[in-house]
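Values below: all heavy atoms of this structure, side chains included; hydrogens, waters and symmetry mates excluded. Because the structure is a prediction, the values reported are computed rather than measured. Below, read A as the first sequence line, B as the second, and so on, with proteins coming before strands; counting in each chain starts at 1.
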There are 2 protein chains.
Amino acid sequence: MPADEDDATQPGLTRDALAQAALRVLEREGLAGLSMRKVAAEVGVKAASLYWHVRNKEELLDLLNDALMADAEAPPRSGDWRTQLRGYCQRYRAHLLGRRDAAKVVAGRLAPGPHLLRLMEDQLDRLREAGFSPADSAMISYLLGAYVQGFVLQEQSPMAAAETAGAGRREVADAAAERFRALPVAEFPNLVAMADDLTGPDLDARFGFGLERILDGLAALLPPDRR
Amino acid sequence: MPADEDDATQPGLTRDALAQAALRVLEREGLAGLSMRKVAAEVGVKAASLYWHVRNKEELLDLLNDALMADAEAPPRSGDWRTQLRGYCQRYRAHLLGRRDAAKVVAGRLAPGPHLLRLMEDQLDRLREAGFSPADSAMISYLLGAYVQGFVLQEQSPMAAAETAGAGRREVADAAAERFRALPVAEFPNLVAMADDLTGPDLDARFGFGLERILDGLAALLPPDRR
DNA sequence: AACTGCCCCTAACGCCGTTAGGGGCCCTGG
DNA sequence: CCAGGGCCCCTAACGGCGTTAGGGGCAGTT
């Protein structure tokens, strides 16, 4: 009977191998298409066998959540605090955007995995070094996380929808702009007038804009000589 | 045969009645427990019948999304722009927090429903009035939305998990703090030291902190005499 | 009276998460 | 050498899910 499916069947199944398999299934099928049965098949095993390694799907998603963060990198430790913090947020966004449905997996998961903890630790360290108080540093970390995750969640979901349909990123934005323009002008004058501003496809610029506003606000917390 | 279930069976089924039923099921069972079959039962009908009124579950979720925003209220049009904008964000957060799984339903839904459009229109109006350019106003609206949704998503999900388990909001926070404190100090000195700051249960304060930073950043966009 | 939409039904498809229970395999201790 | 026991996978099944096909009754129109 032919046995080997693709890979790590050799050394027996590890939780780590499961996480990697889940990662591949996520990339291929999206979060909605990620099922126990498919992950099991990915490692060459039947669905029920997964429950030996994992309590339930929720726990598998925790593993997946951490695996998604495994190769996230902190920005170089050079430049002022603002440069470093900006680097953090932009890398985080790019990282999430680069993996299918990553924002949906990450968002609202209660416990950060070890890889994310490592990043948080480093980020807090830099915040302290920049001169923020411990309490402020913690809140800032939370603030930045909420912004980046919220932003990516909104920009990544339409991409997922677009994959379902045939369209690309550009078409989705155009369709959205069209919907705004089609609104009754009497009732929604601003939405109609700003349709292009609201739906413009340059999400990088929109993300950067918000980020700079936040950084401006953070700078005001520091004594003038440390800004 | 006894027929009447509870309500709107009288005038025939409307999409609006469907949305209301979905809202009730959401409140009772949470998003994970919201199924076509349950919504159908809620209106006294079998599951397949829903497909006469709605293309698929996704479309029902769109209706639900709008229904969730139906009774959201804009803050009073008094005070300076900062007061009004703060009111917007705090009301939005409170509104989402007040309905079970609302953040999950709203997050990443591509098309805002009519009720949300009305709020956006009003918010844009006030931004313009405060002196922000059209392009800036659009980006600011997006920024605030991302922050509030991202924040609420992170704070509401543990509540959902807590419902599943037996714990309350407080216990969840304590458990999280315990996890941070239990980390190896050598590797995560900041996380251990700031465990209380990171998991403190006063989410209102944490939300307010981030919000004020953002508002500070926005103020810098205005000419000094309009701040 | 026949027709035509409207609105609901039953039945079924294939998928899902999860559990019960069984059976090989290998390591260990007698 | 053999018995026991953990480890790891299996088959089979449960109830629930979204969705579709096809049918039927009831209204209003022609």
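Straight-line distance from the CG atom of L34(B) to the P atom of dC17(D): 10 Å, rounded to whole Å. Taking atom CH2 of W52(A) as the reference point, atom C1' of dT19(C) lies 15 Å away to the nearest angstrom. One atom, CG of L13(A), and another, C1' of dC9(D), lie 10 Å apart when rounded to the nearest Å. Rounded to an integer number of Å, the gap from L61(B) CG to dT19(D) P is 10 Å. Distance, K57(B) NZ to dC17(D) C1': 8 Å, rounded to whole Å. Regarding R55(A), its CZ atom lies at a distance of 15 Å from the C1' atom of dT19(C), rounded to whole Å. Between K38(B) atom NZ and dG16(D) atom C1' there is a gap of 9 Å when expressed in whole angstrom units. Counting to the nearest Å, the C1' atom of dT20(D) and the CE atom of M36(B) are 13 Å from each other.
Among the protein residues, S35(A) comes within range of the sugar-phosphate backbone only, with heavy atoms under 4.0 Å from sugar or phosphate atoms but none that close to a base.
For the pair R109(A) (side chain) and V105(A) (backbone), a donor-acceptor distance under 3.5 Å is present. In terms of modelled atom types and a separation under 3.5 Å, the side chain of K38(B) and the main chain of G33(B) share a donor-acceptor contact.
Remark: R213(B) qualifies as a cation-pi partner of F209(B) under the 6.0 Å distance and 45° angle criteria applied to the six-membered ring. Both tests pass for R93(A) against the ring of F207(A): distance under 6.0 Å to the centre and angle within 45° of the axis.
Between Y142(B) and F151(A), the ring centre distance stays below 6.0 Å.
In this model, the phosphate group of dC8(C) is not approached by any side-chain N or O of K46(B) to a distance below 4.0 Å at OP1 or OP2. Close to dC7(D), at under 4.0 Å from its OP1 or OP2, lies no side-chain N or O of H53(A). Remark: S49(A) is not in phosphate contact with dC8(D), judged by side-chain N or O atoms under 4.0 Å from OP1 or OP2.
The side chain of N56(B) lies closest to dT19(D) when the candidates are dC8(C), dT11(D), dT19(D).
Not a single donor-acceptor pair, N or O on each side, falls under 3.5 Å between the base of dG16(D) and the side chain of R37(B).
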